[in-house]
Amino acid sequence: MNTGFLTIYWRDMLRFVRFKTLLVSSLIQPALWMAFFGVAMSSSFDRLGAGIPPVPGVESVGYLTFMGAGVIAMTTLFTSLFGGIVLLFDKNWGLMREILASPLPRHHIIIGIGLSGMTKSFIQAIIIMIFGLLIGVEFFRNAGPLDIAVSVLGILLFVGIFSLGFLFLSATISISMESPEGLQGIITLMTMPIFFASNALYPTDAFPQIMRDLSAVNPLTHLITGIRYFAIGSDFTAIGIHVTSTPDDVVRSLLMLVVFAAGMFSIAWWRFSRAVVT
Amino acid sequence: MNEPVISVANLSYRYGTFTAVDAISFQVQKGEIFAFLGPNGAGKSTVINVLITLLALQEGSVIVAGHDLQRDPAGVREAIGIVFQEITLDRDMTAWEILEFHGRLYALPKEERRKRIDELLALVELEGKRDAYVKELSGGMKRRLEIARGLMTRPKVLFLDEPTLGLDPQTRIRMWEYLRDVNREGTTIFLTTHYMDEADQLSNRISIIDHGRIIATGKPWELKNALGEDIIYLETADNDAAMQILDGDERVRSVRRTKRGLLAMVHGDGTQLLPALLDGIHDAGLKVTAVNLKKPSMDDVFVHFTGRELREEGPARHMVRRR
């Protein structure tokens, strides 16, 4: 098997650990989200939800726990969308020429960047989970070590496939763009609807129909569905809303993410096969 | 003896409607240093980018190291080394990592990779900079590191696009020495340059390229001899009249106007001919105000072959062959 993508992976990880500021900030940023946004919002929401009578026999979780899954998802989204930017810099600084003129098949570039970005997302997701547990996120309640291990693997599976999809998208945009500023603009523009038309911060049940439709096809929603299923459970209430998910729902969400990632990979493949860099 | 490593026939390349390379053909023999000499925008980089597979072959046939570019670009890629025009090094990687990365890109086995890195760092005298970041290296060191990188895979041909662009004179001369060493060890070298002295001093053969066409090809001395043995520069009171006199003299190969005077290319030894020519002009009653005698340089060759006012039929297009 041609393992050329590992070369791309190796170099990108080398840069990840080398740029200490980037490394530390990318690890601290999600923790700060949890610490500030999470704590602030949960203290408000939990007070609002306090008057709503609990559904009998259904566990109730605090808002911090509810949005903890959203923060993992959001961090994965941002990291992945910006994960391909290195390709733009490589292109602009001529480094891409070395790679494109080498015998390495071009789709290995996409795979290598995808895998390194996925690794970064894994590291971040684990840090958020640990930090979350420390500040009171109630993930994996009443679960034994084996259950927790399975749940963490389930979360990482969702995070992994989701991040690959957005990394392929990011790689496609990067190889097509000329300037980092333009890339930043496009990505910022994209994150807004993806993030807010999802169930990251609030349940989508009360959305207007169009937002509900959007959120139903939004990969972020499917990622969060998966994370909540593994981290919190299939049946719980948060801020007074009853959230249920069946294993079928979770499998459907996973399949949606697989389709999304596969689609993005095809587009990236097509774009890279046509890229001319001189 | 004639064993072409690069064989190009009728290569054309167009950017939209602009023809950057116009049906050029040439061969590079095994073991030689071959230079494309031409001004910026002549089409040199386009040719090199096609040859190294970064631009698609549009028209013509190219064979590099036995691989047909159209049918087997992967074979070409594996057989060549490249030093790009601009520095293409990751500033935040060490010299060793740059070479390691390259070796891995070309799927060299680990042991061979490591051994080759040591050899090459020694060749370009960067052993001491093994773990230094690229951003800490001087311009010359970066260039040497790039040459080492281009040689990682023991290529049959090393392509260099303007190898000494932006380097100071001393570093350039050192760079030529490295390239001669590399060539002595058996690597064929194809380079582009717009420095006359680089083409002159470094290469065994030169093609002069302008407006996407090869105007002349030959060994440096052959190209210079095409101009005549010596060049005499004259300024006179009446350059037009002086030009007529010189033009009629059979010892003069050709005369060309410059801004303030005349350039006469002569057959035979200029030191002997100069007094006689001056006498002729003097006899016609013309005052000579300045004289200079020199051997043709690559610059003269270049102006000779690319000069617009050269001949009635415009830019001459012929091959100079050894005779």
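Proteins get letters first, then strands, A, B, ... in listed order; numbering begins at 1 in each.
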By a 4.5 Å heavy-atom criterion (distance strictly below it), what part of [X] contacts chain A: side chain, backbone, both, or neither?
X	result
B/Y133	side chain
B/I80	neither
B/I82	side chain

Would you indicate whether the side-chain heavy atoms of B/T88 and A/W93 approach each other to under 4.5 Å?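 When only atoms from C-beta onward are counted, B/T88 and A/W93 do not touch, as no gap falls below 4.5 Å.
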Minimum side-chain heavy-atom gap A/R15-B/D90 below 4.5 Å: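 A/R15 reaches B/D90 side chain to side chain.
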Whether over 12 other heavy atoms sit under 6.0 Å from A/K91 NZ: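 Yes, enclosed.
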Between A/R18 and B/D92 (side chain of the first, backbone of the second, donor and acceptor by atom type, cut-off under 3.5 Å), is there such a pair?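 Indeed, once roles are kept as given, a pair shorter than 3.5 Å links the two residues.
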Testing the basics here: between B/F84 and A/A101, what is the closest heavy-atom pair and its distance to 0.1 Å?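 Smallest interatomic distance, heavy atoms only, reads CZ-CB, 4.3 Å.
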Apply side-chain contact (heavy atoms from CB on, under 4.5 Å) to A/V276 and B/L55, showing your working. CA-CA 7 Å; A/V276 176; B/L55 287 177; 3.6 Å; yes
Are the charged groups of A/R11 and B/E97 less than 4.0 angstrom apart, N to O?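 Result for this pair is no, no salt bridge flagged.
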Using non-hydrogen atoms only, which part of A/L104 is less than 4.5 Å away from chain B: side chain, backbone, both, or neither?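 Both parts, heavy atoms under 4.5 Å.
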Is it the backbone or the side chain of A/F19 that comes under 4.5 Å from a heavy atom of chain B, or both, or neither?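 Side chain only.
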